[in-house]
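Take a look at the structure below.
Letters A, B, ... mirror the listed sequences (proteins, then strands); counts begin at 1. What's counted below: heavy atoms across the whole structure, side chains too, no hydrogens, waters or symmetry copies.
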Number of protein chains: 2
Amino acid sequence: MTSTRHFSLAMDRLRNAGLRPTRQRLALAKLLFEAGDRHITAEQLHSEALQANIRVSLATVYNTLHQFTEAGLLREIVADSGRSYFDTNTSDHHHFYFEKNGMLMDIPNHEMVVNGLPNPPAGTRIARIEVVVRLAE
Amino acid sequence: MTSTRHFSLAMDRLRNAGLRPTRQRLALAKLLFEAGDRHITAEQLHSEALQANIRVSLATVYNTLHQFTEAGLLREIVADSGRSYFDTNTSDHHHFYFEKNGMLMDIPNHEMVVNGLPNPPAGTRIARIEVVVRLAE
DNA sequence: GTGTTTGCAAAGTGTTTGCAATTTA
DNA sequence: TAAATTGCAAACACTTTGCAAACAC
């Protein structure tokens, strides 16, 4: 707790991930990580940034989301062919998907479990198991 | 087993689904259903049709896949943001997804089970549970 | 004949890319 | 100032749509 500490949590995250803490990355990191768990698309994050008066291009939002994902700060979720979701909760969990409006929601921790995992076909390994519970009205 | 029966299985399927058995629908139904379980995208089916000398437009392939899905002859699978897969196996089962080449494969019947289904949020019902086991090399 | 289906080409959506200008360290 | 990052606009991949011509019954 030194008095010369100027670095925010967001800045630390970026530094630790080896990403230069540029104005755009810092602002996006704050939007993403300072509001609890989020599931967001590139276009949603972009318009949120613009509303918050953060000038950033959509291309940079895409770049940033992918860089954060590679750095392990985000997880990409496939729930809808047509767009990608990014989840700020990178721990092992699954999702509800509301078909009505395209929203995602975490399924409360370990409430649901996958049993009897199959052996992966020869020459492959399981990279991830993704469970999406699709909800209709 | 009357001797005046001219209708193929594919034609029966279409009639039962209330779809006119047009040349295009019949040909696509044969490609889809006469070769065991398949996981196919619209573009794959289109190029397969062209190779088999079936003249059909990509738009018609899309229309047909959606009509077959609505009629319950196919199931749409979300495994990759960017394209839709259609599965000729409409029974309850899950999939391996090969990240390497974008292919899907059924997970052998009931080898894997989801336990502890969560209650759906108020005002919703579970429309489907989709499990995708993503495979890397 | 009448309503359905098809094919084309255009438009739409979400995403990626090339590259010059800007920013960071 | 050297390397990384950004923004723009164009390109992309996949999908949907509007409408006139062709087809099924």
Side-chain angles (χ1 to χ4, degrees), chain A residues 6-8 10-12 14-29 39-50 53-71 74 76-86 101-104, chain B residues 6-8 10-29 31 39-50 53-71 73-74 76-86 101-102 104:
Chain A
H6 296 161
F7 304 130
S8 67
M11 190 171 280
D12 286 343
L14 295 186
R15 286 194 194 290
N16 291 338
L19 296 167
R20 285 190 182 177
T22 64
R23 176 177 65 76
Q24 290 87 339
R25 283 180 185 153
L26 272 170
L28 294 176
H39 305 90
I40 201 168
T41 67
E43 311 224 329
Q44 282 166 6
L45 182 57
H46 183 235
S47 71
E48 212 172 275
L50 296 187
N53 272 303
I54 298 159
R55 276 177 300 94
V56 60
S57 71
L58 183 56
T60 295
V61 172
Y62 274 105
N63 288 338
T64 302
L65 286 171
H66 287 135
Q67 290 153 356
F68 284 10
T69 300
E70 277 163 37
L74 292 175
E76 191 170 354
I77 310 273
V78 175
D80 181 305
S81 52
R83 58 192 153 175
S84 287
Y85 290 85
F86 294 87
N101 57 10
M103 290 190 55
L104 278 177
Chain B
H6 297 160
F7 304 131
S8 68
M11 189 169 280
D12 286 343
R13 274 190 199 250
L14 295 185
R15 286 195 194 289
N16 291 338
L19 296 168
R20 282 192 183 177
T22 64
R23 177 177 65 75
Q24 291 86 339
R25 285 181 184 153
L26 271 171
L28 294 176
L31 287 177
H39 306 89
I40 201 166
T41 67
E43 311 224 328
Q44 282 165 8
L45 182 58
H46 183 235
S47 70
E48 212 173 276
L50 296 187
N53 272 304
I54 299 160
R55 275 177 300 95
V56 60
S57 71
L58 183 56
T60 295
V61 172
Y62 274 106
N63 288 338
T64 301
L65 286 171
H66 287 136
Q67 290 154 356
F68 284 11
T69 300
E70 277 162 37
L73 303 177
L74 291 176
E76 190 169 355
I77 310 273
V78 175
D80 181 306
S81 52
R83 59 193 153 176
S84 287
Y85 290 84
F86 295 86
N101 57 11
L104 278 177

Kindly check if the number of other-residue, nucleotide or ligand heavy atoms within 6.0 Å of CZ (Arg23(B)) is above 12?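 Result for CZ/Arg23(B): enclosed.
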
Closest nucleotide among [options] to the [X] side chain:
X	options	value
Tyr62(B)	dT15(D), dT6(C), dT6(D)	dT15(D)
Ala59(B)	dA25(C), dT17(D), dT6(D)	dT17(D)
Pro21(A)	dT15(C), dG7(C), dA25(C)	dA25(C)

Using a cut-off of 4.0 Å on non-hydrogen atoms, how would the nucleic acid contact of [X] be classed: base, sugar-phosphate, or nothing?
X	result
Gln24(A)	sugar-phosphate
Arg20(B)	base
His66(B)	sugar-phosphate

When the distance from [atom1] of [X] to [atom2] of [N] is rounded to whole Å, what number comes out?
X	N	atom1	atom2	value
Ile40(A)	dG14(C)	CD1	C1'	15 Å
Ile54(B)	dT5(C)	CD1	P	19 Å
Leu45(A)	dG14(C)	CG	P	15 Å
Met11(B)	dC25(D)	CE	C1'	13 Å
Arg15(A)	dT24(C)	CZ	C1'	11 Å
Leu58(A)	dT17(C)	CG	P	14 Å
Arg55(A)	dA21(C)	CZ	P	18 Å
Tyr85(B)	dT15(D)	OH	C1'	15 Å

OP1 or OP2 of [N] versus the side-chain N and O atoms of [X]: is any pair under 4.0 Å?
X	N	answer
Ser84(A)	dT15(C)	yes
Ser57(B)	dG7(C)	yes
Thr22(A)	dT6(D)	yes

Could you pull out the closest heavy-atom pair between Leu104(B) and His39(B), with the gap in Å?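 Taking every non-hydrogen atom into account, O-ND1, 3.6 Å.
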
Which residue lies more 5' along DNA chain D, comparing Arg23(B) with Arg25(A) via nearest heavy atoms: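 The residue whose closest nucleotide sits nearer the 5' end is Arg25(A).
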
Tell me which of Thr64(B) and Asn63(A) sits closer to the 5' end of DNA chain C, going by the nucleotide each one is nearest to.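 First, find each residue's nearest nucleotide; the 5'-ward one identifies Thr64(B).
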
Separation of Thr41(A) OG1 from Phe86(A) CZ (nearest 0.5 Å):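 Phe86(A) atom CZ to Thr41(A) atom OG1 measures 9.0 Å (nearest 0.5 Å).
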
For dA20(D), give its Watson-Crick or G-U wobble partner with both distances under 3.5 Å, or none.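 The answer is dT6(C), by the H-bond criterion.
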
Okay, side chain of His46(B), backbone of Ala42(B): is any donor-acceptor separation there less than 3.5 Å?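 Pair absent, no side-chain N/O of His46(B) close to backbone of Ala42(B).
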
For residues Arg83(B) and Glu43(B), determine if any side-chain heavy atom of one lies less than 4.5 Å from a side-chain heavy atom of the other.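 Answer no - side chains too far apart.
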
